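See structure below.
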Amino acid sequence: MAKTATITYGDKKIELPVIEGTEAEIAIDISSLRAQTGLITLDPAFGNTGSCKSAITYIDGEKGILRYRGIPIEELAKNTRFTEVAWLLIFGRLPKQDELDRFSRQLTMNASLNEAFKHHFEGFPVDAPPMAMLSAMINTLACFHPQFNKIEDEETFEEVSARLISKVRTIAAFIYRRSMGLPYIYPDPKRRYVNNFLHMMFSMPYDEYQCDPDVEAALNLILLLHADHEQNCSTSTVRMVGSSRANLFTSCAAGVCALWGPLHGGANVAVLEMLEEIHKGGLTPQHCLELAKNKESGFKLMGFGHRVYKSFDPRAKILKKAADTVLDKLGVNDPLLDIARRLEELALKDPYFIERKLYPNVDFYSGIIMKAMGIPVNMFTVMFAIGRLPGWIAHWKEQHDDNTSRIARPRQVYIGPTTHDYVPMNKR
Ligand code: CMC
């Protein structure tokens, strides 16, 4: 395979290096293009642009492959849990037993929030959007831990990662309690990560939440499947903000804002709303597909389609199976699951969806499982954020550790007015 690509512009011809990744992905390195020709490239929404080299996650969108640090997602889903996957993503290999024990201890020790956080929560209206509160509270962590503004070594990195991953779970549970007007429940050091989250969400001072092992396993699975997805919108945001050398907390708070949108993490809420609308009779599955196919409607089939996957999203495959198992074990008979199955069946037979290679994505079935666990719909995207946090941290670290990284600063093609004089107010 050629190691250079040739670009011809006018009478100029230049050679650009071709880079090959470990999975034979090929890229033209255009970093010297402007210096050599005065030209830039234009790629709105970055569909053809690699923003970095990364060793964290591999996706083959055509074949429906997803691997964290080389390990297939199906194997991780079968064999491990969220906290081990977090360490794998951040530190690049599976932890040894003593490393995992140390990380678990740090997660336990750092679960509490400074009592002053309660005043911050009280300052929000009860109906404040959970993702707005989450982003604000992660930024608030930067106020309480300025010692982590600079991270010099791996040990400190492990400490700050554990702190963030642990406290985000407490913040998420407190957001829910605040919105319901319920007393805050403190973390219980005897419980594991997911179990402790459910305890803080659902225990009452007079009635301690008993965590069903199947529910705990299913939530572990959901978080693990969301843990990273290479250069998606929120992760790219974290890297963009981090490239200015902004601290980890603030960079991740920006990631939460990006995740909130309905085309990204917010799709899990939009899917449930769409299924509920169909269930209430406001829309039939067929009508829903017709709307999605009509560009004028502005409606999209939520939970379908992906920038990278042009085949089944492997996470959706796992979650579809898990939805059956979890609802069955919990004895929940949710008509929304039948509607989702029907919609999927119709869409996969429809030429519009076939031609565009639109398949169910991770958000299509996750909401149905979370709903069965009692997690309210407006908390779904917060759950996605808890899951995605290790990925954001891993990417921030990869960039931080790369001493060749520079501030991210794209260019543009200016299409505004050319120069003209200022017109005084009385002459306009
Ligand atoms: N419903 C109807 N049409 C769609 C949909 C959809 N859900 N998704 C894509 N299309 C159409 C799109 O309009 C385009 O049509 P045409 O070629 O006629 O102009 C064609 O399919 C190709 O779209 P694309 O270029 O693959 O889409 P994209 O990469 O710009 O956007 C997406 C990807 C995920 C934002 C989009 O598929 C979408 O809006 N899906 C619904 C929202 C959703 O489920 N988001 C969650 C994504 S997975 C989790 C995450 O990353 O957060």
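Here the structure is a predicted model, which is why all the values come from computation and not from measurement. Sequential numbering from 1 along the given sequence is applied to the chain's residues.
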- [ ] Would you tell me whether Asn268 and Thr381 have side-chain atoms, one donor and one acceptor, within less than 3.5 Å of each other?
- [x] yes
Open item on the list: If you define the side chain from C-beta out and look only at heavy atoms, does anything of Ile138 sit under 4.5 Å from Val256?
Closed with: yes
- [ ] For the pair Asp98 and Lys96, find out whether any cationic side-chain nitrogen is under 4.0 Å from an anionic carboxylate oxygen.
- [x] no
Open item on the list: So which atom in Pro335 and which in Asn333 form the shortest heavy-atom distance, rounded to 0.1 Å?
Closed with: CD-O, 3.4 Å
Task: Min side-chain heavy-atom separation Leu221-Phe82 under 4.5 Å - done: no
Task: Short side-chain donor-acceptor distance under 3.5 Å, Asn361 and Asp313 - done: no
Task: Residue pair Glu84 / Thr80, side-chain donor-acceptor N/O under 3.5 Å - done: yes
Task: Beyond-backbone contact of Leu289 with Asp350, side-chain heavy atoms, under 4.5 angstrom - done: yes
Task: Distance in Å, Ser161 OG paired with Ile90 CD1, rounded so as to fall on 0.5 Å steps - done: 4.0 Å
- [ ] Quick one: pull up NZ in Lys300 and NZ in Lys293 and give me the separation to the nearest 0.5 Å.
- [x] 15.5 Å
TODO: Report the relative orientation of the aromatic rings in Phe353 and Phe304; use parallel for angles under 30°, tilted for 30 to 60°, perpendicular for over 60°.
DONE: perpendicular
Open item on the list: Please verify the inter-ring angle class for Tyr186 with Phe174; under 30° counts as parallel, over 60° as perpendicular, anything in between as tilted.
Closed with: perpendicular
Open item on the list: In the structure I gave you, are the side-chain heavy atoms of Met137 and Phe124 within less than 4.5 Å of one another anywhere?
Closed with: yes
TODO: Could you tell me whether Glu344 and Lys320 have a side-chain N and a carboxylate O separated by less than 4.0 Å?
DONE: yes
Task: Sidechain N-carboxylate O distance under 4.0 Å for Asp324, Arg341 - done: yes
TODO: Give the ring-plane orientation class for Tyr184 versus Phe121, where under 30° counts as parallel, over 60° as perpendicular and anything between as tilted.
DONE: tilted
Task: Parallel, tilted or perpendicular: ring planes of Phe91 versus Phe157, cut at 30 and 60 degrees - done: perpendicular
Task: Test item: Ile151 and Val160 side chains (from C-beta on) under 4.5 Å apart, heavy atoms - done: yes
TODO: State whether Glu99 and Arg93 are salt-bridged, where the test is any N-O pair (Lys NZ or Arg NE/NH1/NH2 against Asp/Glu carboxylate O) under 4.0 Å.
DONE: yes
TODO: Just say parallel, tilted or perpendicular for the rings of Phe144 and His120, cut-offs at 30° and 60°.
DONE: perpendicular
Open item on the list: Under 3.5 Å, is there a donor on one side chain and an acceptor on the other for Arg388 and His226?
Closed with: no
TODO: Before accepting this row, confirm whether a basic side-chain N of the pair Glu398/Arg239 lies closer than 4.0 Å to the acidic partner's carboxylate O.
DONE: yes
Task: Closest non-hydrogen atom pair between Ala258 and His264, with its separation - done: O-CD2, 3.7 Å
Open item on the list: Taking the side chain as everything from C-beta on, heavy atoms only, tell me whether Pro376 gets closer than 4.5 Å to Tyr176.
Closed with: yes
Open item on the list: Quick check on side-chain hydrogen bond (donor to acceptor under 3.5 Å, both in side chains): which of Gln106, Glu158, His145 does Arg163 satisfy it with?
Closed with: His145
TODO: Determine the interplanar angle of the His229 and Tyr309 rings, folded into 0 to 90°, and report it as parallel if under 30°, tilted if 30 to 60°, perpendicular if over 60°.
DONE: tilted
